[in-house]
Structure formats: C-alpha cells, structure tokens
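Input: a single structure, listed below in structure tokens.
Excluded from the calculations below are hydrogen atoms, water molecules and symmetry mates; all remaining heavy atoms, backbone and side chain alike, are included. Atoms within a ligand are numbered from 1 in the order they appear, just like the ligands themselves.
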Amino acid sequence: MERDFIDEEKIWDQLRKWENPKPADVRRVLEKAEKKARLEPEETAILIQNQDRETIEEMFALANKLKREVYGDRIVFFAPLYISNKCANNCRYCGFRGSNQQMERKMLSMEEIEVEIKIMIGEGQKRTVLVYGESPETDIDFISESVRQVYRTKSAHGEIRRANINCAPLSREELSELKKVGIGTYQVFQETYHRETYARVHPQNTIKGNFRWRLYAQDRAQDAGIDDVAIGALFGLYDWRFEVMGLLYHTIHLEETYHGVGPHTISFPRIEPALGTPDAENLPYAVNNEDFKKLVAILRLSVPYTGMILTARERPEVRREVIPLGVTQIDGGSRIGVGGYKTSQANELPDKEQFQLGDSRSLDDIVCETCTMDSLPSFCTACYRAGRTGESFMGFAKSSFVHNFCMPNAIFTFKEYLLDYASPGTRVVGERVIEEYLSKFAGEKVYGVIKENLEKLEQGERDLY
Ligand code: SAM
Ligand code: SF4
C-alpha cells in the first residue's frame with residue numbers, strides 16, 4: 001500500500017495507548033490548548049479517550065473560551081445553493097447517488113441560478129457554498145460559468161460576495177480555472193479516513209472509489225493557487241474517534257506542506273436519513289449527541305485557528321448546545337433541494353432533497369436566536385475580498401486583527417442585515433446587540449470609525465469594511 005499521511009495502525013496505537021487517561025493527563029493537554037497551540041495527535045488522543053465527567057466539562061468550557069478569544073463572539077452566516085443532483089457516483093449514504101431511482105434529477109440553468117440567488121439575496125444572504133453532484137454535465141466549464149453567474153447576479157440591496165464550492169475532487173488544471181473565477185473556499189470532505197470503510201461505501205467502479213485522489217484534493221488546490229481549502233468527515237461511517245484523528249492528521253499534513261497554512265475550515269456533518277437510501281439509517285457507528293459535543297470541542301481545542309462549520313443538518317436544539325463549543329460558521333434559511341429557494345418561496349412542496357434538513361427555520365429566526373446566545377451574527381466577507389487568505393489569513397487570525405477589524409466588520413454587515421432584511425422583532429433585538437458590542441470599543445481609537453460607519457449605513461451607504 002502507498003504510504004500517505006493517514007497511518008491507520010499508528011492512529012489506533014495512539015488511541016489504545018491513552019484508553020481512559022487520568023484527569024492529570026487531560027489537564028496537561030488543556031494547559032497546552034489554553035496557549036492556543038495546535039495539539040499533537042497523542043494529545044488529541046488523550047482528549048478523545050477521556051471519560052471523566054469533570055474534565056469533559058473543563059474541555060467544553062475551554063473550547064468555548066478559545067473560540068471567543070480567537071474569533072471574538074462572531075458567528076458567520078452562509079447558505080448552500082444546490083446546483084445539480086446529477087451524480088455518476090454511488091455513495092451508499094447519499095440520496096443523490098446515481099442508482100437512486102427515487103431521486104428526480106435536476107441541474108439548474110444559468111437563468112435558474114439567477115432566480116435562486118436573487119431569492120437568497122432578498123433573504124439577506126451574502127455568502128454561499130455551491131454544491132454539485134459529480135457528473136460529466138457539471139464539468140469544470142459548467143462549474144466556472146455557474147460561479148460567474150452567482151457573482152454577476154445583483155438585486156435591489158445587494159449581491160453574493162463570496163461563493164465557496166463543494167464539488168468533486170478536481171485536477172490541478174481544473175482548479176486553476178476555478179481560481180480564475182474567484183471562488184472563496186474549495187471544500188471537499190474525505191467522508192471517512194478509514195480505507196476499508198471508504199471502499200465499502202464508495203463502489204470501486206466509480207470515480208469516488210479512489211481514496212487517494214480525494215485525500216490529496218486540497219493539495220492540488222493549493223498547488224493551483226487556491227489557498228483557502230476546507231476539509232471534513234462524514235460522521236457515522238466509521239468510529240468518530242478515528243475520524244477526529246484523521247482530520248487532525250490532514251490538518252497537520254496541509255500545515256507542513258503549505259508553509260503553515262492548514263484548512264480554512266473543518267466540517268463535521270453527521271449522516272442524515274435520505275430518500276431511497278436505507279444505508280443512511282441504523283448505522284453501527286452513528287454518533288450520539290454527547291459524543292458529537294465532545295468531538296466538536298476536541299476539534300476546537302486541537303486546531304484553535306481553524307474555522308468550524310455546523311450545518312442545518314442538525315436540529316435547532318442540537319445546534320444551540322454545539323455552537324458554543326467552538327463553531328464559527330452556521331447556515332440559516334438553507335434549502336437543499338435543487339431549485340429549493342424558488343419552490344419554498346412559492347410554498348410548493350420541497351423537491352426531493354439530498355437528505356433531511358434538521359433546522360429548516362428561516363434565516364431571520366436563526367439570526368434572532370443567535371443574538372440571544374451572547375453572539376454577534378456576521379455576514380462579513382472582507383478578508384476574502386481584501387486578499388487575506390491562506391498564509392496571510394493565518395497571520396491575521398493570530399493577532400489583535402480580529403478585535404480591530406473582524407468585530408467591526410461583523411457589526412457593519414449585521415447592521416446592513418438589520419436595515420435591509422430583518423423582521424421588526426429581530427431588528428429590536430439586533431440593535432441592542434450592536435449597542436452592546438459597540439460599547440466594548442469605548443475609549444478605543446476604532447470606536448469613532450465604527451460609529452461613523454454605522455451612521456453612513458443608516459444613511460444608505462453599503463458594503464463598508
Ligand atoms: N458530490 C460532491 C462530493 O461528494 O464531494 C459534493 C456534493 S455532496 C452532496 C456534499 C457532501 O454531502 C458530501 O461530501 C457528504 O459528506 C454529504 N452527504 C452525503 N450524503 C449525506 C447524508 N445522507 N447526510 C448528511 N450528509 C451527506
Ligand atoms: Fe454524488 Fe457527492 Fe452524493 Fe456521492 S456524496 S452520491 S459524489 S453527490
């Protein structure tokens with residue numbers, strides 16, 4: 001077998017070595033994590049294997065503290081746009097898989113993308129992730145054109161300012177094309193880092209059957225000049241403890257190969273039931289809520305400078321508990337059928353979707369709730385547009401930049417949301433939150449700038465950063 005950065009025996013040795021660690025061992029790791037250092041695999045293994053209630057609570061508390069220290073109290077909002085569910089692969093857990101006869105196939109035309117994007121903009125979205133099945137029709141020309149279409153669609157108050165991509169692993173040449181059309185993050189989930197499981201759920205006669213082609217997708221993106229890359233694992237396919245170690249090894253590999261630039265974000269979706277897909281249910285490795293909370297906190301402690309995405313796959317009550325453990329980005333108002341924004345606006349029945357959405361509340365409801373969770377909703381896309389990505393983003397993330405730029409930008413973009421899209425109730429709650437965060441800058445040089453920009457926004461100016 002070719003050697004690569006996932007060494008299964010080594011991972012299991014590390015997990016076995018630290019079965020049931022002593023509280024003192026856990027606290028030693030927490031002391032290091034508190035200094036915002038990326039953890040080594042053995043240290044993460046200690047946290048994974050910790051069964052002691054008291055120190056687990058300490059892990060949760062520190063994860064929350066680190067998140068607030070590194071990212072501020074911001075929660076960045078986005079929403080997915082499903083472009084096509086045509087797929088030549090046959091991933092056993094996914095409703096889009098080619099052999100699923102119950103799925104109606106649909107691929108948006110450029111005009112339909114425009115319609116969807118206008119609805120999204122009208123709801124207040126500024127940032128999206130475009131999602132594609134893997135099919136010859138959604139080739140690189142189509143993907144590039146769809147990104148252009150997203151950026152050129154304008155509406156009364158705005159536009160999508162950042163389009164991330166979640167599609168099949170691409171070649172270096174194809175990724176160079178994506179770089180040219182100005183994508184934000186290139187996101188590919190490995191699904192599982194365990195080869196045997198990977199081979200079982202991804203039939204070998206499909207493109208996705210190639211584990212290594214997928215494992216090095218982010219490397220090819222970096223080589224093609226895309227320095228915002230994202231990783232993820234689909235939890236429920238194999239032992240969550242192994243997958244967390246896999247995500248950490250992937251992070252370390254990228255950091256070591258690309259001058260300290262690890263993944264921009266990590267995603268940790270859990271498998272949801274999907275239409276015509278019995279293999280997405282009754283999973284032997286399904287992750288329960290308690291372990292899910294633990295794994296999110298462990299990722300936060302292990303990679304303090306990486307964004308963490310929690311999607312609307314999760315139900316509202318789970319999101320409320322998990323967000324404080326280190327999440328930096330959530331989606332709101334998401335529709336995951338192809339053409340789903342239009343059908344939901346027309347009050348039609350949702351199309352056949354990839355999986356069942358756990359949180360189908362409106363963006364406004366979720367924004368309003370976020371305000372009550374000691375957090376500031378943000379629609380900021382400034383770093384990406386100012387070219388602060390990859391290596392330079394990591395530098396900025398590690399300084400007072402977050403306080404002096406990210407928090408004010410969060411305030412400005414949230415103010416825009418309140419002025420242009422919020423319901424009256426959310427506006428009242430939101431204005432209070434803005435006042436509260438503004439007061440945290442009292443006496444600082446930047447206070448005047450924030451006040452001035454808030455006034456400009458009131459007077460109709462937009463997109464200030
Ligand atoms: N086709 C591309 C691929 O597989 O990478 C991108 C689109 S695919 C729809 C995006 C992600 O959806 C997959 O990487 C997988 O992790 C996730 N997914 C698939 N089936 C799922 C399910 N039943 N529940 C939750 N997430 C699922
Ligand atoms: Fe296709 Fe992606 Fe679904 Fe697999 S996960 S069936 S590649 S859409």
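Residue contacts with ligand 1, taken as heavy atom pairs separated by less than 4.0 Å, involve C167 solely via the backbone atoms N, CA, C and O. With a 4.0 Å cut-off on non-hydrogen atoms, K208 touches ligand 1 through its side chain and not its backbone.
The residue from K208, R97, M103, K86 that puts a heavy atom closest to atom 6 (S) of ligand 2 is R97. Distances from atom 6 (C) of ligand 1 to the heavy atoms of T277, V188, N166 put N166 nearest. The heavy atom nearest to atom 20 (N) of ligand 1, considering only F189, Y93, Y132, is found in Y93.
Note: no N/O pair closer than 3.5 Å links Y82 and ligand 1 by distance alone.
Which parts of ligand 2 touch C94 is read off a 4.0 Å heavy-atom cut-off, strictly below it: atoms 3 (Fe), 5 (S), 6 (S). Proximity to C94 (heavy-atom distance under 4.0 Å) selects the following atoms of ligand 1: 19 (C), 20 (N). Atoms of ligand 1 lying under 4.0 Å from at least one heavy atom of R270, given by number and element, are 25 (C). Proximity to R214 (heavy-atom distance under 4.0 Å) selects the following atoms of ligand 1: 3 (C), 4 (O), 5 (O), 14 (O). Shown in contact with F96 at under 4.0 Å from a heavy atom are these atoms of ligand 2, numbered in order with element: 3 (Fe), 8 (S). Distances below 4.0 Å separate heavy atoms of V131 from the following atoms of ligand 1: 7 (C), 9 (C). Per-residue contacts place I271 under 4.0 angstrom from the following atoms of ligand 1 (heavy atoms of the residue considered): 23 (N), 24 (N), 25 (C). Under a 4.0 Å criterion applied to the non-hydrogen atoms of E272, ligand 1 contributes the atoms 22 (C), 23 (N), 24 (N), 25 (C). For ligand 2, the atoms closer than 4.0 angstrom to any heavy atom of C87 are 1 (Fe), 6 (S), 7 (S), 8 (S).
Judged by distance alone, the side chain of Y258 and the main-chain N or O of D219 form a donor-acceptor pair under 3.5 Å. Remark: the backbone N or O of V367 is not paired with any side-chain donor or acceptor of Y417 at under 3.5 angstrom. Distance alone, capped at 3.5 Å, is enough to place a donor-acceptor pair between the E243 side chain and the Y193 backbone. With E314 contributing its side chain and G358 its backbone, the two residues share no donor-acceptor pair below 3.5 Å. When atom types are taken as modelled, the side chain of E112 and the backbone of S109 share a donor-acceptor pair closer than 3.5 angstrom.
Not one N/O/S atom of C91, from backbone or side chain, sits under 2.8 Å from atom 3 (Fe) of ligand 2.
Of the N and O atoms on the side chains of Q187 and N164, not one donor lies less than 3.5 Å from an acceptor on the other residue.
Residues passing the salt bridge (Lys or Arg N to Asp or Glu O under 4.0 Å) test with D463, sequence neighbours excluded: R161, R385.
The existence of a salt bridge linking D331 and R313 is excluded, since no basic side-chain nitrogen approaches an acidic carboxylate oxygen closer than 4.0 Å.
Between F414 and L376, the closest side-chain pair of non-hydrogen atoms falls below 4.5 Å.
H202 and C91 make their closest contact through CD2-SG, 3.5 Å (heavy atoms, listed as atom of the first residue, atom of the second, distance).
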